[in-house]
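Inspection log for the structure reproduced underneath, given as structure tokens.
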Number of protein chains: 2
Amino acid sequence: MSAIEAKNPARGRPRSETKRKKILEAAVDLFLANGYEGASVEDIAAAAGVSRQTVYSHFGSKEDLFGLAVSSRCKKSGVDPDRIDYSQPPEVMLPEIARRFATLLLGEDAKRVNAICTSCADTHPELGQLFFEHGPCQAKQAVADYLASQAQRGRLAITNPGFAAWQLLCMLKGEAQLRVQFNCEPLPADAIDAYIDDCVAMFIRAYTPAAV
Amino acid sequence: MSAIEAKNPARGRPRSETKRKKILEAAVDLFLANGYEGASVEDIAAAAGVSRQTVYSHFGSKEDLFGLAVSSRCKKSGVDPDRIDYSQPPEVMLPEIARRFATLLLGEDAKRVNAICTSCADTHPELGQLFFEHGPCQAKQAVADYLASQAQRGRLAITNPGFAAWQLLCMLKGEAQLRVQFNCEPLPADAIDAYIDDCVAMFIRAYTPAAV
DNA sequence: TATATTCTGGACTCATCAGTCCAGTCATTC
DNA sequence: GAATGACTGGACTGATGAGTCCAGAATATA
């Protein structure tokens, strides 16, 4: 609840930016690892090598800190659209995209961010939204752009690239991602690869332009 | 930690089965609504119209109660394969299945079970597994069976019905389910319907047998 | 009726954790 | 070197919640 602004920033000892970063880092780690309830301010302060009071001085409250932590995390873990080569045809580019996406999806980090955002949906509705936009939505947009470009070149018969992008990405999740999400025995790697290949092939088949 | 067995079940006042059920019901409701941490034993006892001690007498500990509650819930909320008509062709049956699945998926209950199982993944790994088997896995199997039957009749060109079933079901989740999961503004109903129709059409296109 | 057991409800312990307060120390600016 | 504000660490408050204990009431069997 406290106002976080410095009383007179020009005078006295300035707040340490290093400490601020340390705290935020520690918060990201601990919140992701243990969830909101599971990570105490004391733990975070200790992990950052800082007193509890300093945490409050920098961030005001646990809630505020939580918001900033998750937000900072989401912003840096998106799928970068830069690595999509628009000149490559779908048969080359889609398997590549699919594999990258699957790797991201099945990692420990995605699982945790997912868990946090899901479980805190009620207490922190804005977090889910934040993650949705910086995560899935961004990935979808990148794919949709690529698909649209291919459609324009006549390589794919897609009228609604947005739909098609969601279809591809959601499809890729498959059994493997559910198993990760719900802590089940993971699928063997070759089964995952086979599934992904099958998805891409199926997708291309559905959207291949009619032969001339 | 306490042993829950009655000391001498034949003698004395027997444990009330009614109370047991009431407690379990209340536990399901409150755990689903508030999560594991959010639902206190006191709340549950109160909701069941019973003393806290009775809860402990019946279930031993909060953890045990939690496990039984989620387990009982999962068992009764599966997708029933009975309502699939194997004689109907894909063009008729798949849109029907897709709609039913989407309704289930976007409901409040699915969201909550999902949230609980996801957030308790670390403390209660067996719960996720339980849900996975009684939920998604069962639905997938029903669809896979139907697809296999259609493949056998030559109506679909599917060699791996399991893959195809996961593809269809995962694809259907789409943007709408992500929005539900992450507490975002829901999509308008007509957009959801359009997406579902598009998915089914796309699926059938990909698996239509080559013309003779 | 005697006995065994459940159920109640309230009091109790124990632990955890968010957030505050404060006195003393440290770094920075004027 | 004086004023100012950040930082520390420990003590403190207040709240919450799991699990236990107990005395008395209720309910079943023998």
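Bear in mind the structure is a predicted one, so any value in this text is a computation, not a measurement. Here is the naming used below: chain letters follow the sequence lines, and residue numbers restart at 1 for every chain.
- The separation between R15(B) atom CZ and dT29(D) atom C1' is 16 Å, rounded to whole Å.
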Does the side chain to side chain contact (heavy atoms under 4.5 Å, CB included) test come out yes or no for F101(B) and I196(B), once each step is laid out?
CA-CA 10 Å; F101(B) 184 68; I196(B) 292 177; over 6 Å; no
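- For the pair R20(B) CZ and dT5(C) C1', the interatomic distance rounds to 18 Å; values are reported in whole Å.
- Following rounding to the nearest Å, Y56(B) (OH) and dT13(C) (P) show an atom-to-atom distance of 17 Å.
- For the pair L65(A) CG and dA18(C) P, the computed distance is 11 Å after rounding to whole Å.
- For the atom pair CG of D198(B) and CG of N160(A), the computed distance is 6.5 Å after rounding to the nearest 0.5 Å.
- Distance H58(A) NE2 to dT8(D) P: 8 Å, rounded to the nearest Å.
- A sub-4.0 Å separation between OP1 or OP2 of dT16(D) and a side-chain N or O of S40(B) is absent.
- Residues from residues 46-55 of chain B with heavy atoms under 4.0 angstrom of DNA chain D, sorted by number: R52(B), Q53(B).
- In this structure, E37(A) atom CD and dT16(D) atom P are separated by 14 Å, rounded to whole Å.
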Using a cutoff of under 3.5 Å, can you pull out all pairs of nitrogen or oxygen atoms linking the protein to nucleotides 23-25 of chain C, with atom names and distances?
none

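- By the side-chain hydrogen bond (donor to acceptor under 3.5 Å, both in side chains) test, S149(B) pairs with no residue at all, sequence neighbours left out.
- Considering only residues two or more places apart in sequence or on other chains, D85(A) meets the salt bridge (charged side-chain N to carboxylate O under 4.0 Å, His left out) condition with none of them.
- Residue K19(A) places none of its side-chain N or O atoms closer than 4.0 Å to OP1 or OP2 of dA27(C).
- Between the K62(A) side chain and the Y56(A) main chain, no donor and acceptor come within less than 3.5 Å of each other.
- Counting to the nearest Å, the C1' atom of dA18(D) and the CD1 atom of I44(B) are 12 Å from each other.
- Remark: D197(A) engages R99(A) in a salt bridge, criterion side-chain N to carboxylate O under 4.0 Å.
- Counting heavy atoms from C-beta outward, M171(B) and L169(A) have side chains that stay 4.5 Å or more apart.
- Taking the salt bridge (charged side-chain N to carboxylate O under 4.0 Å, His left out) definition, one finds that E108(B) meets it with R112(B), sequence neighbours left out.
- Between the CD atom of E17(A) and the C1' atom of dA27(C) there is a distance of 16 Å, rounded to whole Å.
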Atom pairs and distances, donor-acceptor, side-chain atoms in residues 17-25 of chain B, under 3.5 Å, two or more places apart:
none

